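Reviewing the structure listed below.
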Amino acid sequence: MVTQDEINSKAKDAVMDFDDELVEEICEEAIDAGLDAVSLIQDGLTAGMIEIGNQFNEGKLHLPHVIAAAEAMSAGVAILTPVLEEQGGTTESKGKVAIGTIEGDIHTIGKDIVATMLKVDGFEVIDLGQDVAITTFVEAVKKHKPLIVGSSALMTTTMTSQAQVEEQLKEAGLRDSVLTMIGGAPVTQEWANKIGADIYAENATDAVAKCRAAAGEC
Amino acid sequence: MIPKFDAFTNEQVESIHEHSMKILEEIGIDFLYEPALEIFKANGQRVEGNRVYLDRKFVEEQIKKAPSEFTLHARNPENNLVCGGENIIFMPGYGVSFIYEADGSRRDSFMEDYDNFVKLAGASENLHMTGGIIADPSDVPEEMKHLKMLYSSIKNSDKCFMGSASNRERAEDVIEMASILFGGRDVIKEKPAIICLINSISPLKFDDYMAGSLMAYAEAGQPVVVAALVMAGSTGPATIAGSLSVQNAEVLAGITLAQCVNPGTPVVYASSSAITDMNSGALSIGNPECALFTAACAQMGRYYGIPTRSGGGLTDSKLVDAQAGYESMMTLMTAGVTGINYVLHTAGILEGYMAMSYEKFVVDDEIAGMVLRYLKGLDFSEDAFGFDVIKKIGPGKHFLAHKHTRKYYPIELRDSELSDRRPYNDWEKEGLDTLQRAKKQWQGVLENYEAPELDADVDKALLEFMEKRFAELKK
């Protein structure tokens, strides 16, 4: 029988090979063998992701590697999640982030990358999708009580709606219960200051770093 | 490789040839070197004093003997270069006396600068050879310069290099050093290993230094770059077509001499022609007219079936500034897209061939990388189109995580070495401009550079030869 260490090591390698199908097979194998899902996520999948992240920071790997490894890891986590609950174990979540592309805007790629990166970094991500109505952001805050609510806008015309999120959260009396994060090509720190958003994320790496800092503060 | 761009019609190219033939037949060209005059006489050409009148049929026959391409050999065979055809060879600037520093100050160039530029060219992924008189070493006695520079080129890199052409005796010295390195004169005659730059003196003149060097290289079977630098408006007509006819006459006369000395001598048809700045009378090289000279040079070479040299990272700026960038990109890009084979002055030049700059070298190296990427063209294979990948991903999703992306982005999407592509907030942390980044880059390259090992016996033989020549030359 395969041991926990062996399966963790195989999972780590598969993440580092960007092989989502193999990651899924390994996770199935671990479930069949009755191994610990928490250990597999932390010492297998996450360990592989951390190594990829380190190589990215050293300039040895580039964005396609990080995204592909993240997707491979996510594929594994999706299979392990139901089992995790059965086993009564939990992986430590850094916090909930609700995230979406704002009303009138269907540019999802930047938001998708941020969501993937937050997920592999240990955040629980509630992906609200694209062309998300302001009221949906407010509803999501009410329902999921996330640490952070993030809105993405790629156009100057839709960027203005990010201010509406601030306003409607205030009107619903929820503004103080959540941190707001904004991002997107035309968005700047100055814009964040102007509308009163808590976090400005310049790119996916920046979003992860700032969400981590926010989670640490709470 | 992308197809090369013709800026002129066949009729226009032929009209340049016709006018040059008329110049050589009716006006003639001066050679201030007796052995050259003797050769032309012996080949039945009319010689009056120093003036040589060349028969057009004779010229056309001689230039046909020049090979359409040739291989230049490096001490590391992996760095051998084919000059001609679709190939493009990049190398540093040539023949300057000054270094312009990042702060805008000017100083004389030294041997250490020469060594440094050989190392920087040796380390570059975009420069194929290390060049020749990259920076004239003012701290070395005149009679020793050619030996010291060639030794540095041999020792500090294993890429192809150029040799001195300052006179016949010095040309013989550097050919001897190349033959020590490669194992004898017979070896380098079979496998050319040292190439030199021969310049006419426009309009319509070759001096004894240049003609003598040309003959020494041709006799040894070594390639020569035969170049004319016509300044349109002063050393040639203000019309570019007129100056092209003068340039072409000079270059063809030089190539004819090389073929008379040794039929089949590899030659490069070269133009460094540009314009006269009519405000000051100075040479000006970073301009569209110079790019047109380059385009014409490429086409004349194709017309004659001879490899060409022209263009470069050329600028009249004194600083590494926007002017240096836009002028250099225009002239280097033109060399690339028109099909020039041998690009002297690719990297480092400031102020019209007057100075080298370390920072400009790094900027031009980046431009060279961009031009090389452009010239490579695109992959149109079925796998590259990736229809199945597009189908799998579908509308609205991204390709970042697909293995097709990991396979192709390193081939198709060139990463920049100098250009800063980061978002504002990342850039802002250091806030460095191009000049500052370029300075950091060349300093880092030099710090980490390790010269490829040179065989100890060869090294010893080279040093002994140099010692012997130093002693003889001092007398």
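The structure displayed is predicted, hence computed values, not measured ones. Proteins get letters first, then strands, A, B, ... in listed order; numbering begins at 1 in each.
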Using heavy-atom distances under 4.5 Å, tell me whether A/I106 contacts chain B through its side chain, its backbone, both, or neither. neither
Donor-acceptor pair, distance only, cut-off 3.5 Å: does the side chain of A/E71 make one with the backbone of B/A401? no
Euclidean distance, B/K403 NZ relative to A/D20 CG, rounded to 0.5 Å: 9.0 Å
Quick one: salt bridge (Lys or Arg N to Asp or Glu O under 4.0 Å) partners of B/K439, sequence neighbours excluded? none
Assess whether atom CG of A/D176 is packed by more than 12 heavy atoms of other residues, nucleotides or ligands within 6.0 Å. no
I'd like to know whether CD of B/E125 has more than 12 heavy-atom contacts from other residues, nucleotides or ligands below 6.0 angstrom. no
For residues 408-448 of chain B, pull every pair meeting ring pair (Phe, Tyr, Trp, His ring centres under 6.0 Å), keeping only residues two or more places apart or in separate chains. A/H62-B/Y409, A/H65-B/Y409, B/Y358-B/W442, B/H404-B/Y408, B/Y424-B/W427
So what's closer than 4.5 Å to chain A heavy atoms on B/D426: side chain, backbone, both or neither? both
How long is the span from the CZ atom in B/R406 to the CG atom in A/L61, to the nearest 0.5 Å? 10.0 Å
At their closest point, which heavy atom of A/N203 faces which heavy atom of B/P423, and how far apart are they? ND2-CG, 3.7 Å
For a side-chain contact (heavy atoms from CB on, under 4.5 Å) with B/L400, tell me which candidate from A/I67, A/D112, A/T116 qualifies. A/I67
Identify which part of B/K397 has an atom lying under 4.5 Å from any heavy atom of chain A, answering side chain, backbone, both or neither. backbone
Answer yes or no: are there more than 12 heavy-atom neighbours, outside B/E112 itself, under 6.0 Å from its atom CD? no
Quick check: under 4.5 Å, non-hydrogen atoms only, which of residues 321-343 of chain B neighbour chain A? none
For B/E450, is the CD atom crowded, meaning more than 12 foreign heavy atoms sit under 6.0 Å from it? no
Positions in residues 369-393 of chain B that reach chain A, provided some heavy atom is under 4.5 Å away: none
